[in-house]
S.K.: 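Quick one: this structure, given as structure tokens, is what I'll be asking you about.
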Amino acid sequence: MARIIAGISSSHVPAIGAAIDNGKTQEPYWQRVFAGFEKSKEWMAKAKPDVAIGIYNDHASAFSVEMIPTFALGCAAEFPPADEGWGPRPVPVVKGHPELAAHIAQSVILDEFDLTIVNKMEVDHGLTVPLNLVFGSPKEWPCPVIPLAVNVVQYPPPTGHRCFMLGKAIRKAVESFPQDLRVVVFGTGGMSHQISGPRAGLINSKFDKAFLDNLTKNPKKLTRISHLEFMREAGAEGIEMVMWLVMRGAIDDDAEEVYRFYTVPASNTAVGHIILENRQRRAVKRTVTRKTRRKAPAKARRAAARVKTPVRRSK
Ligand code: DHB
Ligand code: FE
């Protein structure tokens with residue numbers, strides 16, 4: 001059976017991609033941003049997921065203003081990087097997982113979420129920048145990635161609650177896929193930012209930090225944030241944070257926060273990042289210390305030994 005081992009969220013600022021592509025990651029401005037993802041790369045190298053599901057938004061790259069699906073699931077075998085005005089980013093083609101994607105489409109649509117099935121699509125910075133942040137810049141992405149594009153560019157986007165419930169339906173779909181796969185779910189976008197208009201450059205760290213706190217501890221509270229509140233508090237583009245709620249819905253209620261990073265600004269945006277692991281399905285092997293072994297009672301030692309055993313199963 002496939003299972004979700006963890007959820008990862010991060011901002012997807014296009015200038016981060018440009019800094020990578022133009023060799024500027026060590027410049028002081030960018031070093032601060034990239035330093036925050038070193039631990040995530042280590043975490044990812046240990047977790048070694050078999051598949052990722054990337055919840056992101058298309059920025060008028062694959063879908064023009066002529067047609068904007070609310071939820072679009074990438075079911076193709078591959079998704080080339082889009083030309084966003086400066087030529088396609090020099091990143092690997094995203095390889096999909098058509099079998100799992102078709103299974104998710106069936107399960108989620110029969111659960112009454114009307115996804116758009118996409119058999120050909122290019123992917124923009126919304127997906128590729130978060131991949132770089134946690135996988136680095138390899139020749140090939142280390143695992144297949146199923147893109148799921150959410151409309152946050154034209155009113156009305158889906159509600160945070162709808163996104164959260166979609167996450168739950170995705171989890172159900174993954175868990176009914178017979179192949180033994182370890183899956184991570186990315187929620188991308190945000191955090192607070194506004195790119196144009198009189199409030200361009202708006203950043204609200206207080207709102208962002210409370211969002212991060214509640215993402216771990218009380219995500220249901222976040223599902224009640226209205227579109228208007230997102231706009232007022234987190235800027236016009238802060239609405240991208242509803243995509244973090246798809247990720248949150250897809251993992252355990254009591255998922256453990258294993259890493260968090262927040263910095264301002266990167267370009268116009270507050271950069272936030274979080275890794276939440278499902279407790280029962282440890283993504284990364286935990287080490288039992290000598291002290292734990294000596295002092296813990298027998299029951300706790302047995303529980304610790306179970307955690308120590310890597311949950312990774314062969315395919
Ligand atoms: C910026 C951030 C985004 O998330 C985006 O999609 C476009 C631009 C920015 O900070 O400039
Ligand atoms: Fe964006």
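What's counted below: heavy atoms across the whole structure, side chains too, no hydrogens, waters or symmetry copies. Both counts, for ligands and for their atoms, begin at 1 and track the order of listing.
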S.K.: Please identify which atoms of ligand 1 are closer than 4.0 Å to at least one heavy atom of Val13.
M.R.: 10 (O)

S.K.: Give, for atom CZ of Phe186 and atom CD1 of Ile146, the distance between the pair rounded to the nearest 0.5 Å.
M.R.: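 The CZ atom of Phe186 sits 12.5 Å away from the CD1 atom of Ile146.
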
S.K.: Give me the nearest non-hydrogen protein atom to atom 2 (C) of ligand 1 as residue plus atom name, then the distance to 0.1 Å.
M.R.: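 Residue, atom and distance for the closest contact: Thr269 OG1, 3.3 Å.
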
S.K.: With respect to atom 4 (O) of ligand 1, which of His193, Glu237, Gln194 exhibits the smallest heavy-atom separation?
M.R.: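 Going through His193, Glu237, Gln194 one by one, His193 has the nearest heavy atom to atom 4 (O) of ligand 1.
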
S.K.: Report the member of Pro14, Ser267, Gly126, Ala15 with the shortest heavy-atom distance to atom 1 (C) of ligand 1.
M.R.: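 That would be Pro14.
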
S.K.: For the atom pair CZ (Arg260) and NE2 (His273), what is the distance rounded to the nearest 0.5 Å?
M.R.: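 Answer rounded to 0.5 Å: 11.5 Å.
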
S.K.: Protein N, O or S atoms at less than 2.8 Å from the Fe ion (ligand 2), how many?
M.R.: 3

S.K.: Counting distance only, does the side-chain N/O of Asn22 pair as donor-acceptor with the main-chain N or O of Lys24 below 3.5 Å?
M.R.: no

S.K.: Taking only heavy atoms of Glu240, which atoms of ligand 1 are found under 4.0 Å from at least one of them?
M.R.: 4 (O), 6 (O)

S.K.: Residues in salt bridge (charged side-chain N to carboxylate O under 4.0 Å, His left out) with Glu38, at least two apart?
M.R.: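 Expected list: Lys41.
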
S.K.: Which ligand 1 atoms, with their elements, are less than 4.0 angstrom from a heavy-atom of His12?
M.R.: 4 (O), 6 (O)

S.K.: Identify, for atom 8 (C) of ligand 1, the protein heavy atom at the shortest distance, and state residue, atom and that distance.
M.R.: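 For this ligand atom, the closest protein heavy atom is Ile195 CD1, 3.2 Å.
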
S.K.: Pairs under 3.5 angstrom only: tabulate donor-acceptor contacts from the side chains of residues 147-159 to other protein residues two or more places apart or in another chain.
M.R.:
unit_1	atom_1	unit_2	atom_2	d
Asn151	OD1	Val153	N	2.9
Asn151	OD1	Gln154	N	3.1
Asn151	ND2	Gln154	O	2.9
Thr159	OG1	Arg162	N	2.9

S.K.: Where do Ser40 and Leu133 land on the side-chain contact (heavy atoms from CB on, under 4.5 Å) test, with the steps shown first?
M.R.: CA-CA 8 Å; Ser40 323; Leu133 287 172; over 6 Å; no

S.K.: Tell me whether Glu257 at atom CD has more than 12 heavy atoms from other residues, nucleotides or ligands lying less than 6.0 Å away.
M.R.: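 Yes, the 6.0 Å shell around CD holds more than 12 heavy atoms from other groups.
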
S.K.: Taking the side chain as everything from C-beta on, heavy atoms only, tell me whether Ile275 gets closer than 4.5 Å to Met44.
M.R.: no

S.K.: Please state which protein non-hydrogen atom is closest to atom 6 (O) of ligand 1 and give its distance, to 0.1 Å?
M.R.: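 Going atom by atom, the protein heavy atom closest to atom 6 (O) of ligand 1 ends up being His59 NE2, 2.7 Å.
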
S.K.: Among residues two or more places apart or on two chains, list those pairs meeting ring pair (Phe, Tyr, Trp, His ring centres under 6.0 Å) that have a residue in residues 92-136.
M.R.: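 Ring pair (Phe, Tyr, Trp, His ring centres under 6.0 Å) check on residues 92-136 returns His12-His125, His59-His125, His103-Phe177.
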
S.K.: Looking just at side-chain N and O atoms, do Asn132 and Arg89 make a donor-acceptor pair shorter than 3.5 Å?
M.R.: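 Side-chain D/A pair, Asn132 to Arg89: present.
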
